[in-house]
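As C-alpha cells, the structure follows; a few thoughts come after it.
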Amino acid sequence: MNLSISNSNQTDTESMTSRKIYAKTIMTTGLCMAAAMLIIHLILLSMGAQSQGVPGRVNESRDALQQIVREPEDVVMFFGSSMTRAGFSPRKFDADLQKMGKQVTSFNFGFGGLNPYFQDFFSRRIVEEFEESDRRLKLTMIEFNPFQTTTTRWNRARPVLDAFLTLLASDKELFEIARQDITRGVRLFNIKYVRANISAEMITTFFGREIFPPQRRQQFRDDEETIAERRRLGRLLNEQFDKDYPNYVDSEWSYEWRGAGTIPEERSAETLALFDEFYAVSQTDARMKNDRLSRIRSADIEELNFEPLLVEHFINIVKNFQRVSDNLEVIMLPKNSKWIKTSPEAEERLARVIAQIEAATGVTIKNHQSIPEITSDMYRDTTHLSRYRGDIAYTDFLVSQYSNIL
C-alpha cells in the first residue's frame, strides 16, 4: 500500500512538473511573439509605412472627410486613379468658377495603386460620412480607367490585397468575409488590429524587392548628357520648391491644396521656366518608350483584357456615389494616343464594358480620351498629364463642361 501511495505521489509530481514546463513554454513563446510583433511595429513606424504612399494618402484624405462635409459652399469631388490626381486642379477649378460668380469647394480624390476593388470600399467610407452628416455632393466626377480594370492589374495587386482591404473595409464588411471564410476572416482581423494594416505578404514583398531588386527593363536609354541635365534640373526644382513654400508641411493629401498640387499662380517665373526645361529633357523618346512597355507589362494597357470582378466593383462605386450626389459624371480621362495605341480587339472589349456599366448605372460615360484641348506635349509620361500644362488645360475643359450645373 505504501508503494501504491508513493507511485501516486510521484505521478502527481511529474504531472505538475509537465504542466509547469508547458506553461513556461507557452509563456515564453507568447513573449517572443509579442516581442517580434513589437519589433515589426517599430520597424514599420520608423519607415512611415502608414503615413507614406497609398496608406498615407488614404488615411489623410479619410481624416479630412469630417471637415469636407462641413464646408459652407457646394462640394465637388473628382474620384479616381493617379491620372485624376495628376490631371485635376481643384483650386484652379474653384478660382475659375468664382470669376463666374459660382462658389464651390472642390477636392481631388485621385489615388494611385487603388484598383476598382479597393476604390469600391473607399467610396463606401466617403458616402457613409456624407450620409451621417446629411450632406450631399453638388457634383461628383468619377474616373473610369480602362487599364486599371484589367486582369493583369488585378493579379499584380495580390501582394497588397489583404492589407489594402483592411485599410478600407469596415469591421462589418470583414465579419461578412469571415462568415463565408473563417480562416481568411481571422487573418484579416489579425492584419487590421495586430499588424497595423500591413500584411505579411506586403512586408515580405517589400523586403524581397529591397534585397533582390527587380531588374529595370530599360530597353531604351538617353545619352549621358541628357540624363545629367535631367538630374541637375530636378535638383534645382527641389530647391525652388523650398524657396516658394518655406512653411510647407509634408503630406500625402493636403487639405490646403484640396488633395492636389500647386498651381502656376503660386510659382515664380523662374520656377515655371525651369519646368519647361525639365519637361524638354524628361519627355524623351527613350523614357516614353520604356514607360509604354512598363504599362503594357503592368496593366495590359493596349489589349485591355478586363477582369469581370473589377468591372462589377466599378459599377458599385457609381451606385455608392449616386446616393449622395446631385449630379454625377463618369469620365474617361485624356489618353496619350501618341504612345498608347489600343488594338481593335481592345476597343471592342472596352465598348462592351462601357455598355455594361451604362446599363447597370443609368449613367452615360463621357469620353474625354481624345479631346482637342489636350495635346501630346501635355503629358509627363504615357498616361499622366503634366503639372502646369496638362492639368491646367484639362481643368479648364472641365470648367467649360460643368460650370452650367454648378
Side-chain angles (χ1 to χ4, degrees), residues 52-53 56-57 60 78 81-96 106 108 110-112 216 218 220-292 294-295 333-340 371 373-399:
Q52 297 180 11
R57 185 165 171 82
E60 290 176 16
F78 204 146
S81 72
S82 59
M83 288 177 62
T84 293
R85 180 178 182 178
F88 176 56
S89 177
R91 289 186 294 151
K92 162 74 171 171
F93 188 81
D94 295 353
D96 288 352
S106 306
N108 186 319
F111 297 81
R216 297 183 65 184
Q218 296 282 320
F220 306 93
R221 184 176 175 82
D222 288 318
D223 59 77
E224 294 301 326
E225 182 181 349
T226 300
I227 295 172
E229 180 64 4
R230 188 160 57 230
R231 290 171 178 168
R232 185 187 72 85
L233 291 169
R235 288 193 298 269
L236 289 176
L237 284 173
N238 288 334
E239 293 171 3
Q240 285 298 120
F241 184 90
D242 293 336
K243 291 179 182 179
D244 292 346
Y245 301 94
N247 300 317
Y248 174 71
V249 178
D250 190 29
S251 64
E252 295 291 339
W253 193 97
S254 168
Y255 198 98
E256 180 184 0
W257 292 352
R258 304 291 188 260
T262 56
I263 55 179
E265 291 77 7
E266 299 172 342
R267 307 309 301 268
S268 64
E270 181 183 0
T271 298
L272 296 177
L274 280 174
F275 265 101
D276 287 336
E277 294 180 44
F278 181 73
Y279 288 140
V281 294
S282 295
Q283 299 164 329
T284 62
D285 281 359
R287 283 171 64 88
M288 289 296 197
K289 288 176 181 178
N290 286 328
D291 189 69
R292 171 183 170 269
S294 175
R295 285 294 178 184
L333 268 67
K335 171 185 170 184
N336 193 347
S337 298
K338 177 181 178 180
W339 294 100
I340 302 300
I371 56 175
E373 289 80 359
I374 301 297
T375 56
S376 61
D377 63 333
M378 293 181 179
Y379 294 85
R380 73 165 189 251
D381 53 30
T382 59
T383 54
H384 298 92
L385 292 169
S386 60
R387 180 69 53 83
Y388 311 139
R389 288 185 181 179
D391 64 337
I392 299 303
Y394 186 55
T395 300
D396 286 342
F397 175 79
L398 293 174
V399 170

Smallest separation among heavy atoms of [X] and [Y], with atom names:
X      : Y      : answer
Glu252 : Gly56  : CB-C, 3.9 Å
Ile340 : Lys335 : O-CE, 3.2 Å
Phe88  : Ala260 : O-CB, 3.7 Å
Ala393 : Glu373 : CB-O, 4.1 Å
Arg287 : Val281 : CD-O, 4.4 Å
Arg267 : Thr262 : NH1-OG1, 3.7 Å

Measuring from [X]:[atom1] to [Y]:[atom2], what's the distance to the nearest 0.5 Å?
X      : Y      : atom1 : atom2 : value
Glu270 : Leu237 : CD    : CG    : 10.0 Å
Asp285 : Arg292 : CG    : CZ    : 12.5 Å
Lys243 : Ser268 : NZ    : OG    : 8.5 Å
Glu224 : Thr226 : CD    : OG1   : 9.0 Å
Leu272 : Gln240 : CG    : CD    : 10.0 Å
Leu236 : Leu274 : CG    : CG    : 5.5 Å

With distance as the sole test, does [X] use its side chain to make a donor-acceptor pair with the main-chain N or O of [Y] at under 3.5 Å?
X      : Y      : result
Arg387 : Arg380 : no
Asn108 : Pro90  : no
Arg85  : Gly112 : no
Asn290 : Arg221 : no
Tyr279 : Tyr379 : no

Worksheet item: Please walk me through it: do Asn336 and Thr382 pass side chain to side chain donor-acceptor pair (under 3.5 Å)?
Response: CA-CA 6 Å; Asn336 193 347; Thr382 59; 6.0 Å; no
Worksheet item: Do the ring planes of Trp257 and Tyr248 sit parallel (below 30°), tilted (30 to 60°) or perpendicular (above 60°)?
Response: parallel
Worksheet item: Looking at Asp222 and Arg230, does any basic side-chain N land under 4.0 Å from a carboxylate oxygen?
Response: yes
Discussion item. I'd like to know whether Met378 forms a side chain to side chain contact (heavy atoms under 4.5 Å, CB included) with Ile392, so could you lay out the CA-CA distance, the side-chain angles of the two residues, the decisive distance to 0.1 Å, and finally the verdict.
Written reply: CA-CA 10 Å; Met378 293 181 179; Ile392 299 303; over 6 Å; no
Worksheet, complete the sentence: Tested for side chain to side chain contact (heavy atoms under 4.5 Å, CB included) against Ser89, the lone hit among Asp396, Asp96, Thr395 is Thr395
Below 4.5 Å, heavy atoms only, C-beta onward: do [X] and [Y] meet side chain to side chain?
X      : Y      : value
Met83  : Leu385 : no
Phe397 : Ile374 : no
Glu225 : Glu229 : no
Tyr394 : Ile371 : yes

Practice prompt. Quick one: which residue pairs count as a salt bridge (charged side-chain N to carboxylate O under 4.0 Å, His left out) with a foot in residues 255-265, not counting sequence neighbours?
Written response: none
Worksheet entry | Under the ring-ring contact (aromatic ring centres under 6.0 Å, His included) test, residues paired with Tyr388 that sit two or more places apart | Phe275
